[in-house]
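Below: the structure, in structure tokens.
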Number of protein chains: 2
Amino acid sequence: MKKATSLAEENYLKAIYKLHERNGAMVSTSALAESLQVNAASVTDFIKKMAAKKLISYEKSRGVMLTEKGRLIALSIIRKHRLWEVWLVTNLGFKWDEVHEIAEQLEHVISDELIEQLDKHLGYPKTDPHGDLIPDAKGRFIKNSSKPLLDCAAGDRVKFTGVAEHSNSFLQYLTRSNIKLGDELLVESIEEFDKSFQVKINNKERKLLSKEVVKNLLVMLL
Amino acid sequence: MKKATSLAEENYLKAIYKLHERNGAMVSTSALAESLQVNAASVTDFIKKMAAKKLISYEKSRGVMLTEKGRLIALSIIRKHRLWEVWLVTNLGFKWDEVHEIAEQLEHVISDELIEQLDKHLGYPKTDPHGDLIPDAKGRFIKNSSKPLLDCAAGDRVKFTGVAEHSNSFLQYLTRSNIKLGDELLVESIEEFDKSFQVKINNKERKLLSKEVVKNLLVMLL
DNA sequence: AAAATAAATTAGGTAAGCCTAATTATGTAT
DNA sequence: ATACATAATTAGGCTTACCTAATTTATTTT
Ligand SMILES: [Mn+2]
Ligand SMILES: [Mn+2]
Ligand SMILES: [Mn+2]
Ligand SMILES: [Mn+2]
């Protein structure tokens with residue numbers, strides 16, 4: 001069982017997948033360089049080699065896209081990352097803002113049996129601790145209908161299902177504000193001037209959330 | 001938090017530790033080359049760099065020894081390896097002959113909090129699935145008094161506590177023979193000619209074990 | 001002790017994955 | 001259409017961790 005994909009390749013594939021997911025279309029050299037914290041010249045070099053391996057398609061000076069082969073590898077890394085995050089939170093007692101760095105390492109461990117057993121051990125979770133969907137072993141996941149709370153109207157009753165921003169400072173802000181995944185939010189009013197939202201959480205506490213916050217809270221209508 | 005020790009350095013340190021443990025004294029270039037499956041010339045190169053970093057002491061043409069610094073790193077890798085093996089067997093349902101390769105990867109994941117939480121989660125195990133001792137966070141472990149079954153005499157009643165040989169074929173032989181860690185073995189007789197042992201397992205089954213087998217079964221007198 | 005053998009080192013290279021500096025291509029403003 | 005700014009690529013290097021072939025050192029055998 002030899003290693004077909006290097007650590008660097010796995011990280012490039014994952015970065016390309018995520019940049020494509022957020023911005024659509026082709027991924028630019030500079031976006032990749034920024035995301036991977038690597039010099040743009042190094043990226044140009046590397047993507048040429050990846051294109052030769054048919055992991056991505058590359059149009060000179062225009063950017064890259066994942067091939068089906070590359071997309072499946074990216075999804076398997078993302079699957080591993082998210083399953084490990086679930087394990088770290090539910091079995092080892094880590095907080096949702098403490099697991100990403102560790103999962104960044106664990107996601108590269110190679111063993112199909114391991115990841116299958118882990119999935120089973122966790123009870124086949126559909127989402128990770130941040131509400132992100134976990135693809136199945138074949139790279140498929142059920143897209144859900146969550147959207148930013150910002151897009152909701154006064155009077156909407158929704159469930160908090162995920163975050164659009166994964167920074168520790170945002171996750172910690174939510175923890176301090178006692179807003180947890182699965183909470184029910186009622187939009188009581190929206191301030192026209194600054195788009196801040198007055199919400200009621202789980203029919204109990206009232207909270208004022210800034211536009212910056214509601215933009216990054218993903219919710220589903222109840 | 002930067003990475004002080006590379007993957008290759010970790011593997012060299014672990015190999016040196018294990019070779020020293022088995023053979024005592026200094027570890028030769030060729031022994032390391034064989035153990036790590038790399039060319040001897042590469043080893044010579046690498047150990048010079050490790051010596052410059054004070055991870056080992058190196059006497060040209062005579063061999064290497066771990067410094068205290070290197071020993072502690074080696075022990076921390078071994079600790080991680082064995083804790084992960086315990087987890088794979090007790091939580092994920094792997095067999096004792098299926099965990100080593102996966103643990104070889106997991107042992108390099110860097111996070112003190114992770115390994116302490118894992119240790120806690122597992123209930124602070126003292127031994128791994130092969131009976132090997134798990135060092136504590138400071139690199140200490142309680143040496144036990146196990147010895148090869150070969151060194152026992154007829155009439156001895158012992159407990160099977162570990163294996164001196166970790167190959168999958170030996171582990172699988174024991175599984176097929178229904179001999180498990182913790183089993184009680186009674187030495188009924190020893191054949192003078194070939195040193196084969198007639199043993200009674202858990203006061204039930206009788207088995208004939210070859211010298212090659214009893215040499216590699218570690219036991220404690222009851 | 002000399003010769004033969006085995007082990008270790010040195011010398012010179014390679015591939016992966018990065019870098020900086022220089023050059024070229026692309027997109028925007030005038 | 002030209003000039004300017006930004007993005008991308010090319011050229012030339014570096015480090016890590018390997019390699020093979022040649023040489024030197026250590027250990028055995030005769
Ligand atoms: Mn994450
Ligand atoms: Mn996540
Ligand atoms: Mn092992
Ligand atoms: Mn073990």
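Residue numbering restarts at 1 for every chain, and letters A, B, ... go by the order of the sequence lines.
Atoms CD (B:Glu59) and P (D:dT25) sit 17 Å apart, rounded to a whole Å. Rounded to a whole Å, the OH atom of B:Tyr58 is 11 Å from the C1' atom of C:dT10. Rounded to a whole Å, the CD1 atom of B:Ile47 is 12 Å from the C1' atom of C:dA7. Rounded to a whole Å, the CG atom of B:Leu32 is 10 Å from the P atom of C:dA8. Between the CE atom of A:Met50 and the P atom of C:dC18 there is a distance of 11 Å, given to the nearest Å. When the C1' atom of C:dA8 is taken as reference, atom CZ of B:Arg62 falls 13 Å away, rounded to whole Å.
Among residues at least two apart or in separate chains, side chain to side chain donor-acceptor pair (under 3.5 Å) pairs with a member in residues 18-35 of chain A are A:Ser28-A:Ser30.
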Ring pair (Phe, Tyr, Trp, His ring centres under 6.0 Å) between B:His166 and B:His100, intermediate numbers included:
CA-CA 9 Å; B:His166 290 70; B:His100 181 74; 7.7 Å; no

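Residue A:Lys60 places its side chain closer to D:dT9 than to any other of D:dT9, D:dA26, D:dA8.
The residue B:Thr44 sits close to a base: some heavy atom pair falls under 4.0 Å.
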For residues 136-153 of chain A, which side-chain donor-acceptor pairs fall under 3.5 Å, sequence neighbours excluded?
| unit_1 | atom_1 | unit_2 | atom_2 | d |
| --- | --- | --- | --- | --- |
| A:Asp136 | OD1 | A:Lys138 | N | 2.7 |
| A:Asp136 | OD1 | A:Gly139 | N | 3.1 |
| A:Asp136 | OD1 | A:Arg140 | N | 3.0 |
| A:Asn144 | OD1 | A:Ser146 | N | 3.2 |
| A:Asn144 | OD1 | A:Ser146 | OG | 3.0 |

Below 3.5 Å, can you tabulate the donor-acceptor pairs from side chains in residues 52-60 of chain A to any protein atom, sequence neighbours excluded?
| unit_1 | atom_1 | unit_2 | atom_2 | d |
| --- | --- | --- | --- | --- |
| A:Lys53 | NZ | A:Glu9 | OE2 | 2.5 |

Under a 4.0 Å heavy-atom criterion, the protein footprint on nucleotides 17-24 of chain D, written with B, S and -, is SBBBB---

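Scanning for ring-ring contact (aromatic ring centres under 6.0 Å, His included) contacts around B:Phe46 gives B:Tyr12, with sequence neighbours left out. Considering only residues two or more places apart in sequence or on other chains, B:His121 meets the ring-ring contact (aromatic ring centres under 6.0 Å, His included) condition with none of them.
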